Amino acid sequence: MSILVNQQQFHLTNGKISYIFQVLKNGQLGHLYFGKALRERDYRHFQRTNNPTPASCHTYEDDAAFSLETIQQEYPVYGKGDFREPAFMISDGQKPIANFVYKSHEIVKGKPYLKGLPATYAHTDEAETLLIVLEDTYQQVELELSYTIFKNEAVIARNVRLINKTDGALSIDRMMSLSVDLPHADMEMVHLSGTWARERHVKKRKIEQGIQSVSSIRGASSHHHNPFLALTALDATEHIGEVFGFQFVYSGNFLAQTEVDHYGTARVQVGIHPMGFQWNLSPGETFQTPEALMVYSDQGMNGMSQTFHRLYRHQLISEQWKNKDRPVLINNWEATYFDFNEEKLLHFAKEAKELGVELFVLDDGWFGKRNNDRSSLGDWTVDLEKLPDGIASLAEKVKSTGLQFGLWFEPEMISPDSELYREHPEWAIGIPGEHFTLGRNQRVLDYTRPEVVNYIFEQMKEIIEATNLDYIKWDMNRNITEAYSAGLENQGEFFHRYILGVYDLYERLTSEFPNVLFESCAGGGGRFDPALLYYAPQAWASDDTDAVERLKIQYGTSMAYPIYSIGSHISAVPNHQTLRETPLSMRADVAYFGTFGYELDPSSLSNEEKEIVKAQIKRYQSLRHLVRDGEFIRLQSPFESNETAWMIVSKDQTEVLVGWYKASSTPNPRTNQFVKLRGLASDRGYNVDGEKYFGDELMLHGLPLPVEFNGANGEQAERGGDFQSKVFYLKAE
Ligand code: GLA
């Protein structure tokens, strides 16, 4: 990997990608290229400054070609002739116009740490970072643009800092983490959108002149849009073609947009949503944006996803957890909801242990007086009516069966019916004395106040220590309304300060208790983002555990996230979210491709089902190393047909796991049915279910599927009806 600097031209390359920009003649930075690696040479001819266009404004009287309206830019400003949306806007209370020109640069080994913000990390031999300082010609303000290139990955990580060197206050009204001008817009935009119970569905649209965006102004990255977008060449597929993927390492309000201009270029921007954002910067202060990532793939969407997966596995998920197998868990939520006592839970745990489960998670309802969702959030002390011997005693009893013990918390919330609220109503977000909006009967705690974060930290610490806790499910079940903190001078800072408070609590808990495994959750997958993966290496993907629905959710989630971060459990039928009844086998076949667990009452299982569950758990335990660090490949999309297929290949290509699913039956189906695999060693023989096939035939012709019922082949048929699935394990000889 190297960062080449030649005559004020900067070229970041690692043999896979090149990212190139230069200082323009007006001192601003002009973008030249982002894509597959290019050789070392001068690329200023990529910037078409010799092309005057009718009616555009130009910087110099004697050079009509030098127009910021057409020049590809690196971090564009407003007010100097570029009429596309700028990367940032600041004002000193008067003019919102800036002119940032190159001042200096520095190259550092590794990657500087972003204080207070989750971000990818790298040792000194794993990455290099280019820091460019720009200064405003109007006032003493500096911008520091940071670009990290990793040794082996087709990724650039970016962030920006603004330093106020004036002697007055400044206001930041917009400050994106990333802006890039791509030379054409003949592309489609892919994003991951949905709502509760159908998170991260894959959506595609052709981009057109104008702005197309995904965003959140809910105070959380949201169920509705993931902080992700990709631009794909029109001929790109899952496996071939150019794809540019973007992710924002942030959990709050965000904007990810593509602006196509009148000359057909595409400007992508990713950052904190400017709506409602306004940050006051006092003299000498610095504002640091969160990190944004840009990935290039010439191997379609799968190529992009695999880069994100490796990056998150190696450079984002904490050292403590990145190489660790995740325990098979059972969670009591759908089995009991709020209705449990110690006896019931211990019976549940004992049965779960007999099935082979490793971690027992006690969900909502163990604290305060919480018999429904109308009370007690904020009171993190055990409910002695349900658990008279206390939480430490329950933990000890569960642990004595050989299980690990985990607990549910919703640390950011407060119920109006709680001791905490009676004592500190001012700790809830909202305008004092005015009407407030409820969500799931609760309000949100004001995490912009350090004393609130401290208080919750102390409460959680006490429980973690008393129970010697192994796992925490950190939930967050409503979005923010009446975004106002009486403790803040400037409400424009509210949303960002809120998320900084959340990160602060995560940081304190994970540093003090590094052995506690955190799983993030937000009414299912309402805050599944890279920033939280930094603290919580797994996330509850969705409250929807229906196997058919999960195909879409997990397929979509895998676009950006490694599958060992995707919480995927088997629940009871009829499914609590869809009332659909899928077979136990299909529910497991889907759940194997994530962090595996159960969300049901073991005593509701028949003896035969218990034996099946025992075998499922054993199977997962023997395969989870593949889920952890194999390469995940999507083969057939549930968004495009009735059949879905995906696979994992071990790094050395000796082990393969294939998942194949069919949601509803086909009358008189095709006679020849195969799934074409990928990523195998062509010349190696692979054994599967007692048969041997070579890698090339599996990739070129395909893996045969079991014989399907066709109305006349009752004797030979191995599968039929709705909800078919099969997971194949292939082992190289
Ligand atoms: C949210 C979560 C569920 C469960 C409930 C408990 O909806 O997504 O998994 O924990 O809260 O109230």
Side-chain angles (χ1 to χ4, degrees), residues 194-200 218-224 226 251 329-340 345 348 359-380 382-383 386 405-418 438-445 460 463 469 471-479 517-529 532 536 538-546 549-550 553-554 557 565-572 575-578 587 591 594-601:
T195 182
W196 177 81
R198 48 185 166 83
E199 296 92 338
R200 291 173 301 287
R218 295 168 171 268
S221 45
S222 90
H223 292 92
H224 313 85
N226 201 257
S251 314
L329 72 81
I330 195 159
N331 178 305
N332 72 311
W333 177 241
E334 289 197 356
T336 65
Y337 292 106
F338 294 103
D339 180 19
F340 57 80
L345 293 179
F348 185 99
L359 160 68
F360 167 71
V361 180
L362 174 54
D363 209 279
D364 194 355
W366 58 267
F367 51 90
K369 295 190 169 36
R370 192 156 161 96
N371 296 316
N372 53 45
D373 63 15
R374 308 190 76 86
S375 84
S376 304
L377 293 169
D379 298 342
W380 299 106
V382 70
D383 177 353
K386 281 183 194 157
F405 183 65
L407 277 178
W408 180 97
F409 286 89
E410 199 176 354
E412 296 153 74
M413 298 294 154
I414 181 163
S415 306
D417 179 11
S418 65
L438 286 172
R440 210 194 185 201
N441 307 303
Q442 64 203 46
R443 296 185 68 182
V444 186
L445 277 171
M460 291 179 76
I463 301 279
L469 204 56
Y471 163 105
I472 287 178
K473 178 174 171 186
W474 176 323
D475 208 341
M476 195 281 298
N477 275 309
R478 65 156 290 182
N479 290 140
L517 171 62
F518 282 78
E519 177 153 356
S520 74
C521 173
R527 210 166 54 180
F528 201 132
D529 56 58
L532 287 192
Q538 57 194 57
W540 185 223
S542 177
D543 280 344
D544 189 344
T545 45
D546 174 278
E549 293 305 311
R550 272 299 179 125
I553 294 167
Q554 292 176 209
T557 307
S565 68
I566 304 177
S568 53
H569 301 167
I570 295 161
S571 58
N575 178 271
H576 291 204
Q577 290 73 39
T578 61
R587 282 174 271 156
T595 63
F596 188 80
Y598 291 82
E599 200 81 19
L600 47 72
D601 183 356

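Counting convention: from 1, in listed order, for ligands and their atoms alike. Everything quoted here is computed from the prediction, not taken from an experiment. The basis for the numbers below is simple: all heavy atoms, side chains too, and nothing from hydrogens, waters or symmetry mates.
Side chain of R218 to main chain of H224: no donor-acceptor pair is present (N/O by atom type, distance under 3.5 Å, no hydrogens or angles).
Qualifying side-chain hydrogen bond (donor to acceptor under 3.5 Å, both in side chains) partners for N477, counting only residues two or more places apart in sequence or in other chains: E410, D475. For W380, the side-chain hydrogen bond (donor to acceptor under 3.5 Å, both in side chains) criterion is met by no residue, not counting sequence neighbours. Remark: N332 pairs with T336 by the side-chain hydrogen bond (donor to acceptor under 3.5 Å, both in side chains) rule, at least two apart or across chains.
Side-chain atoms of S415 and N441 include no donor-acceptor pair closer than 3.5 Å.
For ligand 1, the protein residues within 4.0 angstrom (heavy atoms only) are W333, D363, D364, W408, R440, K473, D475, N477, C521, G523, G524, W540, D543.
The distance from atom NZ of K473 to atom CG of N331, rounded to the nearest 0.5 Å, is 4.5 Å.
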